[in-house]
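Quick caveat: nothing in here was measured; it's all calculated off a predicted structure. We count residues from 1, following the sequence as given. Indexing begins at 1, ligand by ligand and atom by atom, following the structure's order.
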Amino acid sequence: MEAIRVPGNFPKSSCDLAQGWASPQHTSSCLRKHSDVGTSSLTHPLKNLNSQSGRFKAVFEGGRSSQFLRRFNRNQLLSWDSYTGHGGPAYKLGAANSRISEPEMKQGSSGSVGFSFERKNFRSIASIRVLGEHSSTNVCKSDSFNWVLKGRNRFCLTPICGVENRVALEVVLEAPPPNSPLHSPEAAALESASYLESLSSPRAELGNRSSKATQTLTSLKKTILHSSALTDMSPFRPGHLVECFEVEGRRRLSGEVNISGAKNSALAVLAGAICSEGQVYLEMIPDLHDVRRMFQVLQSVGVKVQRASSGFMIDAKDLTSVEPCSEAVRKLRASFFVIGALLGRKGEAVVPLPGGCNIGARPIDLHVRGLEALGADIEIRQGKVFGRALNGRNLTGGSFFLDYPSVGATETLMMAAALADGHTTLSNVAQEPEVVDLANFLNSCGACIQGAGTNTLSISGIRKLHGTEYCVIPDRIEAGTFLIAAAITRSSISMNPVIPKHLASVIEKLRTIGCQIQVTRSDSLRINCAEMLRSCNVKTLPYPGFPTDLQPQLMSLLTTCSGQSVLEETVFEGRMRQAEELQKLGAQIKMSRNIAIINGKETGSLLYGAPVLATDLRAGAALVLAGLSAEGTTYIEGISHIDRGYEKLDLKLRLLGASIQRAPCLPAELTLE
Ligand SMILES: CC(=O)N[C@H]1[C@@H](OP(=O)(O)OP(=O)(O)OC[C@H]2O[C@@H](n3ccc(=O)[nH]c3=O)[C@H](O)[C@@H]2O)O[C@H](CO)[C@@H](O)[C@@H]1O
Ligand SMILES: C=C(OP(=O)(O)O)C(=O)O
């Protein structure tokens, strides 16, 4: 491999800080102030490199000055792409480091530079390694830099340790052989990295999610982004290069993590917005693939969706169709719940059978039978559910007992009954916080729903619902995932906003195994974990029992606890597929149907990094957590599942000090060849 050294020469006094680390603001001002210093030059002409040579190494010294990078640019092979000293691309691209606390991230970030590699010399970037080096008296650690692939031949590098007087970076680029998949047009899949990083605008990035919807509807009418930009999807195609998470384990986490709005509430409330004929302003809507797909579902029946202020404005006044887009519906479970709202509003609906996590059969019989009890005629053919009010106009109130307290069926029927003629009683309903959130939302639109949070709902139908402003609850499953992340890494972290009551069963189990959890404010939690945690037995149940959506993550944790744990999944029959993947990391798990017997030995098992596959959303989260604890590197494929339901999981973990990156990888079926 050829190496090019690029020396920089920056005066020491200007940017030094006593501790060797600066706040981003300080770094930024240093960068601006001294952009005219530095005498970088190429000691080896890059242009002499043979484009076929495969890889080269470039070493930058003193590389924290934009000017320095501009000069580097003039050597033609690297072209300066973007630079900001304060709150610009570094922020937007999600550059993060454990040493930058979240409030600092909000205000600005250290300098970020984008590099473009001209294609005449390098066809594409296969991988980048950024290495820190000792320089002068300061130590620059390798995790003091962050990089993001921005496409086939562009990447963005962010030196977090901008205060270092003399910094050396080593960037290794590999130009793959001409027949590599990277050279095919499909290499555009690499751009998914930048897509994922750019999912939210800088303002939305870890922003103040706890703020309530305070703006008036009038001011919110000044929307800032049109809806077409809200539903862009990643260009993944089967068989092409995909992203995986690369997790370096055995690092402690610290700091505070910001919890997003609840996925399952947001999706239900978005479906519920169809019930309203007024303008609905929603806050705490997380930026997730599932939410974007839900926007597509709404838009396909004529609902207007616009980003407004820090939330979204939804206008379902003029519905143009009762048949939502099949492609979007088939990608998530909650999309199906719109059938209740459409039948309620229009007296008819045609909704494809839904998708969602592959965790069991997931029938819709309770939805169907419940709708029939409300006066709908339902027929299922060609993968679609055709429903219409028997009287040709509206649904009518009725009584229905759910054989199982299904979350989705309760939500579907609540929406339908809210608009039906007359009174409805639903018994043995789900009591999950997301069900209560939907009821609160519909009531804020003028619906009359009583009993949410108990096992019986009493609903008086109201023909027309009005607009509202509503803030979705924080995601208890995301919060639970971070609690377990702290436990599996034996760390101490805080989180906010949360509703501690929603996590009661989870907190209780974590305390049983030895974690200390304090409710520090009404909406904040802190967890401290000792080195030795002990086993426990857990069974998933409908709320307020232990949530099935945290079972896979808990399984990862229990593999590291001393003694034998028995974990039973009772909600979904196929939700322990992560066990097989955890075994690849060395976990001692014996499966018997839906029961996992986990042996953590006397001192708890040590996991070892390996390539694994996320088979669904929470299984993916479980593997990330296991990777955080494992010795070595864990590569997690199938992370599109994780992006369905976690808002920037990797960025949030990095902010806590984890080493987790998105990296391009060949999907399993290609690597088998
Ligand atoms: C988008 C959303 O909110 N998803 C959540 C919702 O899924 P979802 O609403 O699909 O889950 P349900 O509560 O409906 O499912 C629970 C059980 O009931 C069964 N069932 C369900 C409906 C039906 O008509 N017939 C039937 O037999 C299911 O197969 C499953 O075994 O609740 C689950 C249980 O808390 C969570 O894991 C999901 O994250
Ligand atoms: C199972 C889940 O989601 P969905 O119901 O959307 O598949 C989940 O959130 O864990």
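Among residues two or more places apart in sequence or in another chain, the ring pair (Phe, Tyr, Trp, His ring centres under 6.0 Å) test is passed with F336 by H367.
Under 4.0 angstrom from ligand 1, the non-hydrogen atoms of R333 all belong to its side chain. Within the 4.0 Å heavy-atom criterion, neither part of L332 lies near ligand 2. Under 4.0 Å from ligand 2, not a single heavy atom of E478 appears.
For R575, the closest heavy-atom approach to ligand 1 falls below 4.0 Å. Distances from ligand 1 to the non-hydrogen atoms of L267 include no value under 4.0 Å. At least one heavy atom of N264 sits closer than 4.0 Å to an atom of ligand 2. R575 counts as a contact of ligand 2, since one of its heavy atoms falls under 4.0 Å from the ligand. Within the 4.0 Å heavy-atom shell around ligand 1 one finds H367.
The pair K263-D549 fails the salt-bridge criterion, with no side-chain N (NZ, NE, NH1 or NH2) lying under 4.0 Å from an Asp/Glu carboxylate O.
Of the protein's heavy atoms, R644 NH2, 3.6 Å lies nearest to atom 4 (P) of ligand 2.
Around CD of E580, the count of heavy atoms belonging to other residues, nucleotides or ligands within 6.0 Å does not exceed 12.
Between the side chains of E637 and Y635, no donor-acceptor pair of N or O atoms lies under 3.5 Å.
Taking every heavy atom of V571 and a limit of under 4.0 angstrom, the matching atoms of ligand 1 come to 16 (C), 17 (C), 30 (C), 31 (O). Annotation for ligand 2: atoms under 4.0 Å from non-hydrogen atoms of G356 are 7 (O). The ligand atoms of ligand 1 that sit less than 4.0 angstrom from a heavy atom of Y404 are 16 (C), 17 (C), 18 (O). Residue D549 has at least one heavy-atom neighbour below 4.0 Å for each of these atoms of ligand 1: 36 (C), 37 (O), 38 (C), 39 (O). With ligand atoms numbered from 1 in the order given, ligand 1 contributes 24 (O) to contacts under 4.0 Å with heavy atoms of I364.
Residue F572 holds the heavy atom nearest to atom 15 (O) of ligand 1 of all those in Y543, F336, F572. By heavy-atom distance, the residue among G545, A409, P363 lying nearest atom 22 (C) of ligand 1 is P363. Closest to atom 13 (O) of ligand 1 by heavy atom, among V368, V407, T410, is V407.
Some N or O of L366 is nearer than 3.5 Å to an N or O of ligand 1, by distance alone. Between D365 and ligand 1, an N or O atom pair is found at a separation short of 3.5 Å.
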When the side chains of residues 377-387 are checked against the rest of the protein, which donor-acceptor pairs come out under 3.5 Å, sequence neighbours left out?
| residue | atom | partner | partner atom | Å |
| --- | --- | --- | --- | --- |
| E379 | OE2 | R381 | NE | 2.9 |
| K384 | NZ | E323 | OE2 | 2.8 |

